[in-house]
J.: 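The structure that follows is given in the form of structure tokens.
Hydrogens, waters and symmetry mates play no part in the numbers below; they use all other heavy atoms, side chains included. Keep in mind the model is a prediction, meaning the values are calculated, not measured.
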Amino acid sequence: MTTRDLAGWLQYQERINPRTIELGLARVRAVWETMGAPRPAPIVITVGGTNGKGSTVAFLEAMLQAAGYRVGCFTSPHLLRYNERIRIDGLDVGDTALVASFERIEAARGELLLTYFEFGTLAAIDLIARSGVDVAVLEVGLGGRLDAVNIIDADAAIVTSVDLDHQEWLGGDRDTIGREKAFIARAGRPLVLGEAEPPARLLETATQIGAHVLIRGTHFSDAPGAPAMAGDFQRFNAAAAVAALRALPRLRVDDAAMAAGLAAARVPARLQVLPGQPGVVVDVGHNPHAARALAAWLDETPRGAVHAVFGALADKDIDGVMNALGPRIAHWHLASLDGDTPRGLNAAALAARLAIVLPGAPHDLHAGVAQALAAARMAAGADGLVLAFGSFFVASAVLAAS
């Protein structure tokens, strides 16, 4: 067998399957079964949704840890290091463990082609199972029905929110997307919905599956204690996480542990405020739903002029994102991402969209995120605010430069 370090394995995974995304469970399930069909933990919670998944995973992890449970988590994508995707007892897994897991997956896959994400999902299941944790919390990558995480039958599932994103894979309206996400539910088990008015087809499909559906505002309300993470939407994510724990009688997480966990939970690049002047806020928001949440936060936050550092991928609803922020942005510092990923747009393409959506909006073009950030900081001055958002690539570059 070829010996590779972690970087070598990740490069190999990126090129072995010509398709970056290939939805379907048959291939990944076959490899998982060849590996012995490991269950990641005695209790498994899956978290799907358009936005809010990473924060909800963090709330669950922190509350469970406060109650004394050992927890394994899988999230994606990462910001700075691939290792961030798999956490055991609050720590990122090491390179050696990841490499060993990838070698086991490679030996089990035979002639089957796996995507980069499928390799990562199997590694998470494998490593969390080997760690002997009490609870596994798994973030669903894309949709639900055909996402690799869905090979695991969860004891409880959460759908945080449903809005338009990845339409080419999931459908062009909330109803169709909601149906796809409903399939992470299982018969007779809780499905927690973080929206007060979820799409009709999500509810219809969940009922057909036979899940025990819990809807925010109908079956549960606010969480005990306030989340430390900023934004009203985090209260909804926290409430959904609490509802899932309360729906699992095998878990003993009292209100004190819940409150402590909600106060302790942190996720990078979710309205994260960086130290220094001017203030820099970095967020992974990359679709209109997330942009509307950013707009609401800006409306509630005392601030000076907002300078946006913005970059985006070609498959995103850029017009919808720009329109949601609208006149709140005093100046757009547009960053090219075509050097970071084949899906990235250059600044000129972003400027063309901005001219249509917000005619006359002040803007500059930059070769990359670092240049856009430096220009925004200088232009904002001591009293302004820099808001960096639009993609995980933007967030990771800003965090790496700070």
J.: Show your working on side-chain contact (heavy atoms from CB on, under 4.5 Å) between Val28 and Leu112 and close with a plain yes or no.
T.: CA-CA 9 Å; Val28 71; Leu112 292 171; over 6 Å; no
J.: Kindly compute the distance separating CG (Leu122) from CD (Glu106), expressed to the nearest 0.5 Å.
T.: 12.0 Å
J.: If only side-chain N and O atoms count, and only distance matters, is there a donor-acceptor pair under 3.5 Å linking Ser101 with Asp126?
T.: yes
J.: Run the numbers on Gln234 and Ser55 for side chain to side chain donor-acceptor pair (under 3.5 Å), then give the verdict.
T.: CA-CA 7 Å; Gln234 295 294 10; Ser55 298; 3.0 Å; yes
J.: Answer yes or no: does atom CG of Asp89 have more than 12 heavy-atom neighbours from other residues, nucleotides or ligands under 6.0 Å?
T.: yes
J.: Measuring from Leu387:CG to Ile329:CD1, what's the distance to the nearest 0.5 Å?
T.: 5.5 Å
J.: Nearest 0.5 Å, what's the CD-OG distance between Glu84 and Ser76?
T.: 11.5 Å
J.: Roughly how far, to the nearest 0.5 Å, is CG of Leu202 from OG1 of Thr207?
T.: 9.5 Å
J.: Measuring only between side-chain heavy atoms, which start at C-beta, is Leu345 closer than 4.5 Å to Leu313?
T.: no
J.: Is there a donor-acceptor pair closer than 3.5 Å between any side-chain N or O of Lys316 and the backbone N or O of Ala312?
T.: no
J.: Decide, yes or no, whether a salt bridge links Asp299 with Arg328 under the criterion of side-chain N to carboxylate O below 4.0 Å.
T.: yes
J.: Report yes if some heavy atom in the side chain of Ile45 is under 4.5 Å from a heavy atom in the side chain of Leu138; otherwise report no.
T.: no
J.: Return the set of residues passing salt bridge (Lys or Arg N to Asp or Glu O under 4.0 Å) with Asp147 (not counting sequence neighbours), or none when no residue passes.
T.: none
J.: What I want to find out is whether Asp338 reaches Arg343 closely enough, with some N-O distance under 4.0 Å, to be called a salt bridge.
T.: no
J.: Do Val213 and Leu193 have side chains that get closer than 4.5 Å, going by heavy atoms?
T.: yes
J.: Tell me every residue that passes salt bridge (Lys or Arg N to Asp or Glu O under 4.0 Å) with Arg303, counting only those two or more places apart in sequence or in another chain.
T.: none
J.: Search all heavy atoms of Ile152 against all heavy atoms of Pro38 and return the closest pair with its distance.
T.: CD1-O, 4.2 Å
J.: To the closest 0.5 Å, what do you measure between OG (Ser396) and CG (Asp340)?
T.: 7.0 Å
J.: Quick check against the 3.5 Å criterion: does Thr34 have a side-chain atom that pairs as donor or acceptor with the backbone of Ala30?
T.: yes
J.: Under a 3.5 Å distance rule, please check whether Arg270 uses its side chain to pair with a backbone N or O of Pro268 as donor and acceptor.
T.: yes
J.: Is Asp317 paired with Arg353 through a side-chain N to carboxylate O contact shorter than 4.0 Å?
T.: no
J.: With a 4.5 Å limit on heavy-atom distance, are the side chains of Asp175 and Ile177 in contact?
T.: no
J.: Before you tell me yes or no, could you show the steps for Leu325 and Leu298 under side-chain contact (heavy atoms from CB on, under 4.5 Å), namely the whole-Å CA-CA distance, both residues' side-chain angles and the distance that decides it to 0.1 Å?
T.: CA-CA 9 Å; Leu325 273 301; Leu298 286 172; 3.8 Å; yes
J.: Answer yes or no: does atom CD of Glu197 have more than 12 heavy-atom neighbours from other residues, nucleotides or ligands under 6.0 Å?
T.: no
J.: Could you tell me whether a side-chain N or O of Arg87 sits under 3.5 Å from a main-chain N or O of Val93, the two making a donor and an acceptor?
T.: no
J.: Write down the atom of Ser221, the atom of Ala239, and the distance for their closest heavy-atom approach.
T.: O-CB, 3.0 Å
J.: Hey, is Glu118 close enough to Arg27 for a salt bridge, meaning N to O under 4.0 Å?
T.: yes
J.: Assess whether side-chain contact (heavy atoms from CB on, under 4.5 Å) is satisfied between Thr121 and Trp32, documenting all intermediate values.
T.: CA-CA 10 Å; Thr121 302; Trp32 174 64; over 6 Å; no
J.: Among all residues two or more places apart in sequence or in another chain, which pass the side chain to side chain contact (heavy atoms under 4.5 Å, CB included) test with Ala361?
T.: Trp332, Leu354, Leu358
J.: Hey, does the side chain of Thr205 reach the backbone of Arg201 with a donor-acceptor pair shorter than 3.5 angstrom?
T.: yes
J.: Quick one, Phe236 and Glu195 - any side-chain contact, counting heavy atoms below 4.5 Å?
T.: no
J.: Report yes or no: does Gln272 contribute a side-chain atom to a donor-acceptor pair with the main-chain N or O of Ala269 at less than 3.5 Å?
T.: yes
J.: Angle between ring planes, Phe389 versus Phe310, binned at 30° and 60°: parallel, tilted or perpendicular?
T.: tilted
J.: Check the side chains of Asn51 and Asn287 for a donor-acceptor pair under 3.5 angstrom, ignoring hydrogens and angles.
T.: yes
J.: Strictly by modelled atom types, are His363 and His333 linked by a side-chain donor-acceptor pair under 3.5 Å?
T.: no
J.: Stepwise, does the salt bridge (Lys or Arg N to Asp or Glu O under 4.0 Å) test hold for Arg39 with Asp155?
T.: CA-CA 12 Å; Arg39 183 167 178 80; Asp155 296 280; 2.7 Å; yes
J.: Sub-3.5 Å donor-acceptor pair from the side chain of Tyr69 to the main-chain atoms of Leu251, do we have one?
T.: no
J.: Given 3.5 Å as the limit, does a donor-acceptor pair link the side chain of Arg292 with the main chain of Val321, or not?
T.: no
J.: Could you check whether Asp255 pairs with Arg246 (Lys NZ or Arg NE/NH1/NH2 to Asp/Glu carboxylate O, under 4.0 Å)?
T.: yes
J.: Ring-plane angle category for Tyr116 and Tyr82, please: parallel below 30°, perpendicular beyond 60°, tilted otherwise.
T.: perpendicular
J.: Among Leu98, Ile86, Asn83, whose side chain to side chain contact (heavy atoms under 4.5 Å, CB included) with Asp92 holds?
T.: Asn83
J.: Look at the side chain of Glu61 and the backbone N and O of Ala58, then say whether any donor-acceptor pair between them is shorter than 3.5 Å.
T.: no
J.: So which atom in Ala230 and which in Leu271 form the shortest heavy-atom distance, rounded to 0.1 Å?
T.: O-CD1, 3.5 Å
J.: Under 4.5 Å between any side-chain heavy atoms of Ile125 and Phe74, yes or no?
T.: no
J.: Can you measure from CZ (Arg81) to CG (Leu6) and round to the nearest 0.5 angstrom?
T.: 8.5 Å
J.: Between Trp9 and Phe102, how do the two ring planes meet: parallel, tilted or perpendicular, split at 30° and 60°?
T.: tilted
J.: Please report the closest heavy-atom contact between Thr46 and Val149, naming both atoms and the distance.
T.: CG2-CG1, 4.0 Å
J.: Does either side chain, that of Asn150 or that of Arg186, offer a donor lying less than 3.5 Å from an acceptor on the other one?
T.: yes
J.: Dump the intermediate steps for side-chain contact (heavy atoms from CB on, under 4.5 Å) on Ile43 and Arg250, then the final yes or no.
T.: CA-CA 9 Å; Ile43 298 177; Arg250 292 161 60 193; 3.5 Å; yes
J.: Mind checking whether Leu114 and Ile105 have side chains closer than 4.5 Å, heavy atoms only?
T.: yes
J.: Can you name the nearest heavy-atom pair linking Val386 to Pro278, along with the distance?
T.: CG2-CG, 4.2 Å
J.: For Ala240 and Val192, work out which heavy atoms get closest and say how close.
T.: O-CG1, 3.6 Å
J.: Should His366 and Ser336 count as side-chain neighbours, where that means a heavy-atom distance under 4.5 Å?
T.: no
